Novice: 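First, the structure itself, so that you have it in front of you.
Since the model is a prediction, treat every value here as computed from it, not as a measurement. Below, chain A is the first sequence line, B the second, and so on; all start at residue 1.
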Number of protein chains: 4
Amino acid sequence: MTKNKLVQATIKNFAAYGYQGATMSRIAKDVGIKPASIYYFFANKEALFQEAVHLILSHHFSMMKKTFEQYREGEVHQLFSELLRSIVAYHTGYMDETKAYITMVNSPIPNIKKDVGDYLQEYNQWLVEQLMLTIQEKYPGLEEQAVNRLIEYFIFIGNGLFWAVVIYEAETLQNNLEMAMELMDQCLYQIMGE
Amino acid sequence: MTKNKLVQATIKNFAAYGYQGATMSRIAKDVGIKPASIYYFFANKEALFQEAVHLILSHHFSMMKKTFEQYREGEVHQLFSELLRSIVAYHTGYMDETKAYITMVNSPIPNIKKDVGDYLQEYNQWLVEQLMLTIQEKYPGLEEQAVNRLIEYFIFIGNGLFWAVVIYEAETLQNNLEMAMELMDQCLYQIMGE
Amino acid sequence: MTKNKLVQATIKNFAAYGYQGATMSRIAKDVGIKPASIYYFFANKEALFQEAVHLILSHHFSMMKKTFEQYREGEVHQLFSELLRSIVAYHTGYMDETKAYITMVNSPIPNIKKDVGDYLQEYNQWLVEQLMLTIQEKYPGLEEQAVNRLIEYFIFIGNGLFWAVVIYEAETLQNNLEMAMELMDQCLYQIMGE
Amino acid sequence: MTKNKLVQATIKNFAAYGYQGATMSRIAKDVGIKPASIYYFFANKEALFQEAVHLILSHHFSMMKKTFEQYREGEVHQLFSELLRSIVAYHTGYMDETKAYITMVNSPIPNIKKDVGDYLQEYNQWLVEQLMLTIQEKYPGLEEQAVNRLIEYFIFIGNGLFWAVVIYEAETLQNNLEMAMELMDQCLYQIMGE
DNA sequence: GATGAATGAGCTTTCATTCAT
DNA sequence: TATGAATGAAAGCTCATTCAT
C-alpha cells in the first residue's frame, strides 16, 4: 500500500537526514510517486512524520514485549540476557528506526519531542512493572527495594548497550553485549546473593 | 570577538535545530549581525559548522584530559570515579555541545561525520593508552589483557552514563552516576582481585 | 439535485472568496461530495462559475421584472418607490449574489466579465424600454426627452442605493432607501410639473 | 525606490486579479525583480497588500481633503459640486485604486476588510464633521438636524456617483455627474429654502 | 568589518484536473 | 453518479550565498 510505503520511506529519510533535511520530494521519489501525491494520504509533513514516529515507537515496544513474553517463564538471569540481546538485535536490525529515534529525542518539532518523551516514560513504566512482577514471583522473599535496584542497573546497562549500537561496528558491539551480560550477572549475584 | 560569538551561536543552534534546521539568519541574529556578515569570517555554512564541530570536540578532549591529569597520581579507583563524574559534569554543563554531538554522530554532511568518527577513534586511543600506562604503573604485575578488559568496561559504563545525560533529569542522572561508579568498582574488584 | 446545490455552493464561495479564492474542494465539501465528482456535472471550474453567474443575473432580472409587473398598473410614483424598495430587498435578501456580482463586474475571467457587461446593457435596455412605455401611457403628452431624463435619474438613484446595500448596515440602509424615494419624488415633481 | 514600485505594482495587480489572483511572481515581474526579492522588503504577501491598501486609502483621503480645503471658503453649492466632481476625477484618474477598493470591501482577508471598514468609518466621520462646521458657519441660523439631512443626501448621491464610475464609460459618467450636481442643488434648495 | 539588495535553488503546499473503477 | 488515487503546474516562501558599497 502506498501509505505504508510512504511511512517506511519517511523513516529511512528521517534517519539519514533528520526532520528538516528529509524532503517531501525525496520521500516521494523513494516511493515512486510525485510529491503532491503525498498530500492525498497525509495532511502535511508533520503529520507524515508523526505517523512514522508512532510506527517506530510501537515497533520498538512490540519487539521488547515479544522478547519479554518469550523468556518470562525461564530464569531471571536468562531473561536479562535475552532482553539485552534483544536490544542489540532490534537496534542493529532496524538501524533506520534507531537513527531516527536519536534525532527524535531532541527534535525541534514539539509534537515529535512530546511523543517520544511520553513513550520513553510509558515504556520505562511498563518495563519496571513487568520486571518487578516477574522477579518477585521467582524470588518471593526479596525486598522490593532490592528488586528496584536490580531493575535500575538493568536499565543503565541497557542504555550503555543502546549507545554502543549507535557508535560501534559489529565486532566491538558483540564485545559490548558480552560485557553487558556479564555486568548484569554480577548485579544479580550481588543483589540476590549467591 | 565576533568570530567566537558566531561559533558559540552555531553550537547553540546546531543543538536546537540540527544542521539543516539551523539557519544562517538565526545564527546571525543571535550574534547581532546580518547574515551577509558571516561570510566575512567563514567561507560558507559548512565551514562555520565544521569550526563549531572542532570546538566541541576539542573542548570535550581538554575537559577529559584535565580530569585525567588531576587524578592520575591517585588511586585507580578514584581516577575512574572522577572520570565518570567528569562525563556527567561536562555533558550536563555543556548540554548544547552534547546535543550537537548527538546529531553530529549521524550527520549527513560527510565532512562532519568524518571529523566526529576520527575524533571518536583518536579519543578512544588516547584514553586507552593513558589508562593503560597509569594502571600498569600502579599494578605492575597485571597482565595487559586484564587491563584492557578493565578499560573496555570503563568505556562501556561511560557510554551508559552519556546516554543517561541525554534522556534523564538531574535526579535520575545522579542515581545513574552512582550506579556507574559502583559497577566500575565491581569491575576493579573482579579483575584486580581483592 | 446535486447540480443545483453545486451552483448554490459556488455562488456562496464566489461571494466569500472571489473566483480565484473559491476552490473546487471547498465547493464540493459544501455540497457533500468529492471534488472529482464536480466534473461529472461541469466541464471545468469556469463552466461551473459561468452557470453560477447566469443564475445570479437571471435571478436578478426575474426579481425586478416581477416587481415591475406588479406595480406597472398603479401610479408612476409608486412604481418607482417599489422598484427602489425592490433593489434593497433583493440585494439584502441575496447578499451572496450581490457580493458575487461585485467581484464579477471586474472579473479577470473574460467570459464572466463579458456576460456581466452584456447583462448590464440588456437589463438597462429593458428597464428603459418598459419605463418609457409605462410612463408615456400614463402621461401621454410628455416629451420623450423628459421621460428619458426621469429614467436616467431613477437609474442614478438606484445605483446609489445599490452601493449603500454593500457598505451599510440595516439602519443606515433604511434611511438611504427613504432618501432615494424622496429624491425620486422630487425628480418626478420637477419633471412632470406640479 | 524598489519598495514603492512594489506597492504600485501590487495595486495594479490587486485591481486586475483580486487578492488571490494577484501573484507574487507577477508583481515581481512588473517591478523587474525576482519573487524572492519581495521578501526583503515585506514579510509576506499579506503585509505587502496591507501596505497597498493603506496607500490607497490614505491617497483617497488626501485627495478629498485637498478638494475640501480648496473650496471650503466659497459657496456651499460650489463646495458640493466640486466634491462630487472630485469623486469622479479621483476614481477615474486612479481606476486601479478604485477597482482594488471594490474588492477590498469584501476581502476574505480579515486584516484588509478591517482596515477598509475602519477607514470608511473614519472618512465618513471626518466628512460629516467638516461639512457640518462649514455649513453652520455659512448658515448660522440653520438647525443641526437640517444640516445633517443635507449631508446624508450628499453622501447618498456621492455613492451613486462612485458606482457609476465603476460601471459606466466616460460619456454616461459625465451625464451622471451632472445629475448628481443637480440633485444636490435640489436638496440644498429644498432644505435651505430658496 | 559589515550590510543592503538581490537571487537561484529548492522547499512545502494547493489546486484544478484526470481517469480507472 | 461518484470517488480513490494521482499529477502538473504553480503558488508562497525560505535560505545560503553574492557583491557592490
Novice: What is the ring orientation for His60(A) with His91(A), classed by angle as parallel under 30°, tilted 30 to 60°, or perpendicular over 60°?
Specialist: tilted

Novice: Would you indicate whether the side-chain heavy atoms of Lys113(C) and Met104(C) approach each other to under 4.5 Å?
Specialist: no

Novice: Heavy-atom contacts under 4.0 Å between residues 1-21 of chain A and DNA chain F, which residues?
Specialist: Thr2(A)

Novice: Among residues at least two apart in sequence or on other chains, which ones pass ring-ring contact (aromatic ring centres under 6.0 Å, His included) with Tyr39(D)?
Specialist: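 Per chain and number, Tyr39(D) pairs via ring-ring contact (aromatic ring centres under 6.0 Å, His included) with no residue.
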
Novice: Go through it in stages, so that I can follow the logic: the residues are Tyr90(A) and Glu97(A), the test is side-chain hydrogen bond (donor to acceptor under 3.5 Å, both in side chains), and I'd like the CA-CA distance, side-chain angles, deciding distance and then a yes or no.
Specialist: CA-CA 9 Å; Tyr90(A) 169 74; Glu97(A) 301 189 8; 2.7 Å; yes

Novice: How does DNA chain F read in dot-bracket, base by base from 5' to 3', with Watson-Crick or G-U pairs under 3.5 Å and | used when the partner is on another strand?
Specialist: .||||||||||||||||||||

Novice: Return the minimal non-hydrogen interatomic distance between Gln50(C) and Asp115(C), and the atom names on each side.
Specialist: NE2-OD2, 2.9 Å

Novice: Return each pair, listed once, that meets side chain to side chain donor-acceptor pair (under 3.5 Å) where at least one residue sits in residues 101-111 of chain B; pairs must be two or more places apart or across chains.
Specialist: Glu46(B)-Asn111(B)

Novice: Could you go step by step and tell me if Asp30(A) and Arg26(A) meet the salt bridge (charged side-chain N to carboxylate O under 4.0 Å, His left out) rule?
Specialist: CA-CA 6 Å; Asp30(A) 283 357; Arg26(A) 206 176 206 81; 5.9 Å; no

Novice: Can you list the steps and then say if Val7(C) with Phe41(C) is a side chain to side chain contact (heavy atoms under 4.5 Å, CB included)?
Specialist: CA-CA 10 Å; Val7(C) 177; Phe41(C) 299 100; over 6 Å; no

Novice: Which residues in residues 44-56 of chain C have at least one heavy atom lying under 4.0 Å from any atom of DNA chain F?
Specialist: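 Here the set is empty: none.
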
Novice: Quick check for you: to the nearest 0.5 Å, what is the distance between Phe49(B) atom CZ and Leu55(B) atom CG?
Specialist: 13.5 Å

Novice: Is there a residue in residues 23-39 of chain A whose heavy atoms reach under 4.0 Å of DNA chain F, and which residues are they?
Specialist: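 Result for residues 23-39 of chain A: Ile33(A), Lys34(A), Ala36(A), Ser37(A), sorted by number.
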
Novice: Quick check on DNA chain E: between Tyr40(D) and Ala22(C), whose nearest nucleotide comes earlier from the 5' end?
Specialist: Tyr40(D)

Novice: Rounded to the nearest 0.5 Å, what separates atom OH in Tyr123(C) from atom CG in Leu57(C)?
Specialist: 11.5 Å

Novice: Taking the ring centre of each residue, are His54(A) and Tyr119(A) less than 6.0 Å apart?
Specialist: no

Novice: Between Phe42(A) (CZ) and dT13(E) (P), how many Å, whole number?
Specialist: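 Taking CZ of Phe42(A) and P of dT13(E), I get 13 Å after rounding.
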
